[in-house]
2 protein chains.
Amino acid sequence: MTKHRALSEEALRLVAQRFAVLAEPMRLRLIQALFDGEKNVSQLVALTAGTQANISRHLQTLTAAHILGRRKEGLQVYYSVSDPTIPKLCEVVCGAIEKQLARQAKHFESQG
Amino acid sequence: MTKHRALSEEALRLVAQRFAVLAEPMRLRLIQALFDGEKNVSQLVALTAGTQANISRHLQTLTAAHILGRRKEGLQVYYSVSDPTIPKLCEVVCGAIEKQLARQAKHFESQG
DNA sequence: CAACCATATGAGTGTATGCTCATATTTAGT
DNA sequence: ACTAAATATGAGCATACACTCATATGGTTG
């Protein structure tokens, strides 16, 4: 059982860095597009309506963070979500945001 | 049951924004310091060895994101973790990083 | 090898934001 | 009211990084 000891400075940096990788809408869109299986760059470019250069850079960032895996097949490169904690992570955050939006909606109701 | 439908552009922005708030070592340090109960600004400044101005700004960011709660008592302002999903979130990320570091350590072992 | 795909990357630009200094604001005590 | 303490904030600077354009790289086919 790993109990909550104080994280070292270096550990905090790593955790922050991981959150930073997930702090871009385009990267989240890519991750989301890959939830139902691997896709190559062209497919992702089409799905996300981004430029090829930009998508390629984001894929590199996600791969360097060990969030995506890379598989080369001929001319194409296929990416897939390789970190099993990512779905859970997104789920938790989405839940928190839904609750927050619901709360705000309630305020609008009662305060006009 | 909320099944994984594609998130809207706006939802992605919100999720990314939430991750961004957690993507700063100093803010993580503050959150960590608050895991064992509320503390006022002076206490947090002492614990984190940051400047008062900087800590105050980070606390504002975290409060605006509904991650921390604020309670005023006389001259002091007490902050506490108000979002129950935060511990789980940090736990998941820490776990992922531990695994990643373990994998890297193994590579060092076998490749010398 | 030449031409052509799919993907990656160097360079430059604009924007966002973390940090600091100085000062403002709020509240308590005399 | 005056002073002092705790916290917040305006302004400026430096850095990080997302985006784009043009071009490079790697791999396939004729």
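Hydrogens, waters and symmetry mates play no part in the numbers below; they use all other heavy atoms, side chains included. In what follows, every chain begins at residue 1, and chains take the letters A, B, ... in the order their sequences are listed.
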Whole-Å distance separating the CD atom of B:Q52 from the C1' atom of D:dT9: 10 Å
Atom-pair distance (CG on B:L62; P on C:dT17), nearest Å: 14 Å
Of A:N40 and A:R57, the one whose closest DNA chain C nucleotide lies more 5': A:N40
Taking every non-hydrogen atom, the tightest pair across B:R18 and B:A65: NH1-O, 3.4 Å
B:R103 vs B:Q100 side-chain heavy atoms within contact, under 4.5 Å: yes
A:I55 CD1 - C:dT7 P separation (whole Å): 12 Å
Spacing between B:N54 atom CG and D:dC13 atom C1', to the nearest angstrom: 14 Å
Any A:H58 side-chain N or O less than 4.0 Å from OP1/OP2 of D:dC17: no
Heavy-atom pair of closest approach, residues B:V81 and B:L68: CA-CD2, 3.8 Å
Nucleic acid contacts of residues 66-74 of chain B, taken as heavy-atom distances under 4.0 Å to DNA chain C: B:K72, B:G74
Length of the line joining A:Y78:OH and D:dG26:P, which is rounded to integer Å: 21 Å
Sugar-phosphate, base or nothing in reach of B:S56, heavy atoms under 4.0 Å: base
Interatomic distance, A:L75 CG vs C:dC5 P [rounded to whole Å]: 10 Å
Minimum side-chain heavy-atom gap B:V77-B:L59 below 4.5 Å: no
d(CG, B:L44; P, D:dA6) in whole Å: 14 Å
Phosphate OP1/OP2 of D:dC21: any A:T51 side-chain N/O under 4.0 Å: no
Backbone of B:A33 reached by a side-chain donor or acceptor of B:K39 within 3.5 Å: yes
pair A:L22-A:I86: side-chain heavy atoms closer than 4.5 Å: yes
Gap between atoms CD and P, on A:Q60 and D:dC17 respectively (whole Å): 13 Å
Minimum-distance nucleotide (side-chain atoms of B:V77 versus D:dT7, D:dG26, D:dT20): D:dT7
Under 4.0 angstrom between B:Y79 side-chain N/O and D:dA8 OP1 or OP2: yes
Note: A:K88-A:E91 ion pair, threshold 4.0 Å (strictly below): no
Donor-acceptor pair present, A:E24 side chain and D:dA18 base, under 3.5 Å: no
Most 5' of A:M26 and B:S42 on DNA chain D, judged by nearest nucleotide: B:S42
